[in-house]
2 protein chains.
Amino acid sequence: MGKAKRPKLSTHEFFEKGHLHYLTHISIDNVIFGFHDNQLKVLLLEWKETHRWCLPGGFIFADEHIEEAAIRSLKSRTGLDNIYLQQFYAFGDPNRERTKHGISPPAGIKKSWLSERFITVGYYALVEFSKVVPKPDEFSESCQWWDIEKVPTLILDHNHILEKALQSLRLNLNDYPVGKDLLPQKFTMPELQRLYETILGKQLDRRNFQKKILALDILERLNERKQGGAHKAPFLYKFDQRKYEKAMKQGLKFGLQ
Amino acid sequence: MGKAKRPKLSTHEFFEKGHLHYLTHISIDNVIFGFHDNQLKVLLLEWKETHRWCLPGGFIFADEHIEEAAIRSLKSRTGLDNIYLQQFYAFGDPNRERTKHGISPPAGIKKSWLSERFITVGYYALVEFSKVVPKPDEFSESCQWWDIEKVPTLILDHNHILEKALQSLRLNLNDYPVGKDLLPQKFTMPELQRLYETILGKQLDRRNFQKKILALDILERLNERKQGGAHKAPFLYKFDQRKYEKAMKQGLKFGLQ
DNA sequence: CCAAAAGTGTTGATTGTACACCCATGC
DNA sequence: GCATGGGTGTACAATCAACACTTTTGG
């Protein structure tokens, strides 16, 4: 059960001998959502040579749990750590090979394991924007937050993967609480509402939203108000850790009695 | 785009040279639910030599869409055709190797591609019990419906996969209509109710159930009654194809206004 | 006629939705 | 003072859950 060798490969070794360490034909792509300035953001990497953008993904070591691989690859490519990743779909179209707009092996390597067809498993996560200090890895020119509305054309089918992640997130919003990882520890009701509005892409009634959220019984109102705003100071809330986790496990409601 | 060679391999070829035709390290497992005698059933295969039971699964040809592979493998292993399969999860624990309780290569083959670690993608489907004539393939002794409550210990982590499929099905029940593929074309309200009760594992109120289901506006009541029962003859219903498909696409309800 | 299953309707409680009113803050 | 955002409450509508009554059928 002990974790076997997880060697650090040079770029050349990675292309030429990666298949000796990683599972072939399977990759991981992470869709990392953040929230800032009333905008839903997604974290993207920029390739060094082509300057094309992509989702931060990676590969699975031969003895590694796929979820472990998702967490590890996210950390190594963006610096993000301690993040709960939610699997949402496995993409299995045969016409999404890496050669097209993806990684090209460096000169001197004719045929790499990376040129073959890959099935990719998608994970998404919600992270607190301000906590994140993205650090691009050696392959990447930069690692940046993009406005979800302004995402450029990505490599391969990454736009499609992003779309599907967003769809899964929206569906989940009705069954599971959201916000704990997207907002600072202390937040205001309007802030939480903006988050929901942004994810759902529609306006919600301020008063009804408050009632509904409080009825879920997962928030705790603090005896503090958020100062410094231009208007009346709103109360601060935080998630009740225990109740939040319970709701995460059991879901928020059950249909049919 | 044309479908490339999909050769028919002998058993020996399959173990020794399968990796030349199929993607390595990745498999598919199908969980086929049926409904009969007020019981939820699942379709299982029995291995010829070990007599152990498993889910009908398979592998992906190098140029094949994963969903296509799910459909093809289901057909070749059980005879079932024209079935909508729903992907629900990718299982990526490294400790689920085929050698343990799974396929063993025949004598004479030391190391097969099948002995290596596999990630499996799970699909489930709901089928009309009476329409199905399961036909086991060459590897299998038999192909049979099992009562969901009486499923034996399966190979590998197949019990876990089945559990997760059932969980996904239950969650889906609240967001999407179910029944079209589990019941005969014409069915009665009590029959539909038994189906829901069986999947959810709890009793529902007859009158409220009827109101709720009819409110979904996906059923059409026929001018016929089911004759032959011991008591008052219940009406027959059928699904409205167009409305059913619309509900399938859009979901049945949307939270938060 | 009786038991069991099925069709239909009623009621009170809960929840959802659309509002109105008042309070605090900066300009 | 006033525009803007925030806290709280109310009224009506829609939905849900519990239950009663009637009809049909085989024995």
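Lettering of chains follows the sequences in order, A, B, ..., and the numbering in each one begins at 1. Both backbone and side-chain heavy atoms feed into the values below; hydrogens, waters and symmetry mates do not.
Residue pairs that meet the salt bridge (Lys or Arg N to Asp or Glu O under 4.0 Å) test with at least one member in residues 226-235 of chain B, sequence neighbours left out, are B:E191-B:K226. Residue pairs satisfying the salt bridge (Lys or Arg N to Asp or Glu O under 4.0 Å) criterion with at least one member in residues 152-169 of chain B, sequence neighbours excluded, are listed as follows: B:R96-B:D157.
Rounded to an integer number of Å, the gap from B:L204 CG to D:dA17 P is 10 Å. Rounded to whole Å, the distance from CG on B:L214 to P on D:dT15 is 14 Å. Nucleotide C:dT17 holds its C1' atom 16 Å from the CD atom of A:Q203, rounded to whole Å. For A:K212 and D:dG9, the NZ to C1' distance is 18 Å, given to the nearest whole Å. Protein atom CD of B:E197 is 13 Å distant from nucleotide atom P of C:dA5, rounded to whole Å. Atom CG in B:L216 sits roughly 12 Å away from atom P in D:dT15 (whole-Å rounding). For the pair A:Q210 CD and C:dT15 P, the computed distance is 17 Å after rounding to whole Å. In this structure, the CZ atom of A:F209 is 14 Å from the C1' atom of D:dG6, given to the nearest Å.
Here A:R221 reaches the OP1 or OP2 of D:dT8: one of its side-chain N or O atoms lies under 4.0 Å away.
The residues B:R52 and B:E46 are annotated as not salt-bridged, no charged nitrogen and carboxylate oxygen being separated by less than 4.0 angstrom.
Formation of a donor-acceptor pair under 3.5 Å by the B:E141 side chain with backbone atoms of B:H51 is not found in this model. At least one donor-acceptor pair under 3.5 Å links the side chain of B:D240 to the backbone N or O of B:K243. Although no hydrogens or angles enter the test, the distance criterion places no donor-acceptor pair under 3.5 Å between the side chain of A:Q87 and the main chain of A:Y123.
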remark   = Under a 4.0 Å heavy-atom criterion, the protein footprint on nucleotides 19-27 of chain C, written with B, S and -, is BB--BBBS-

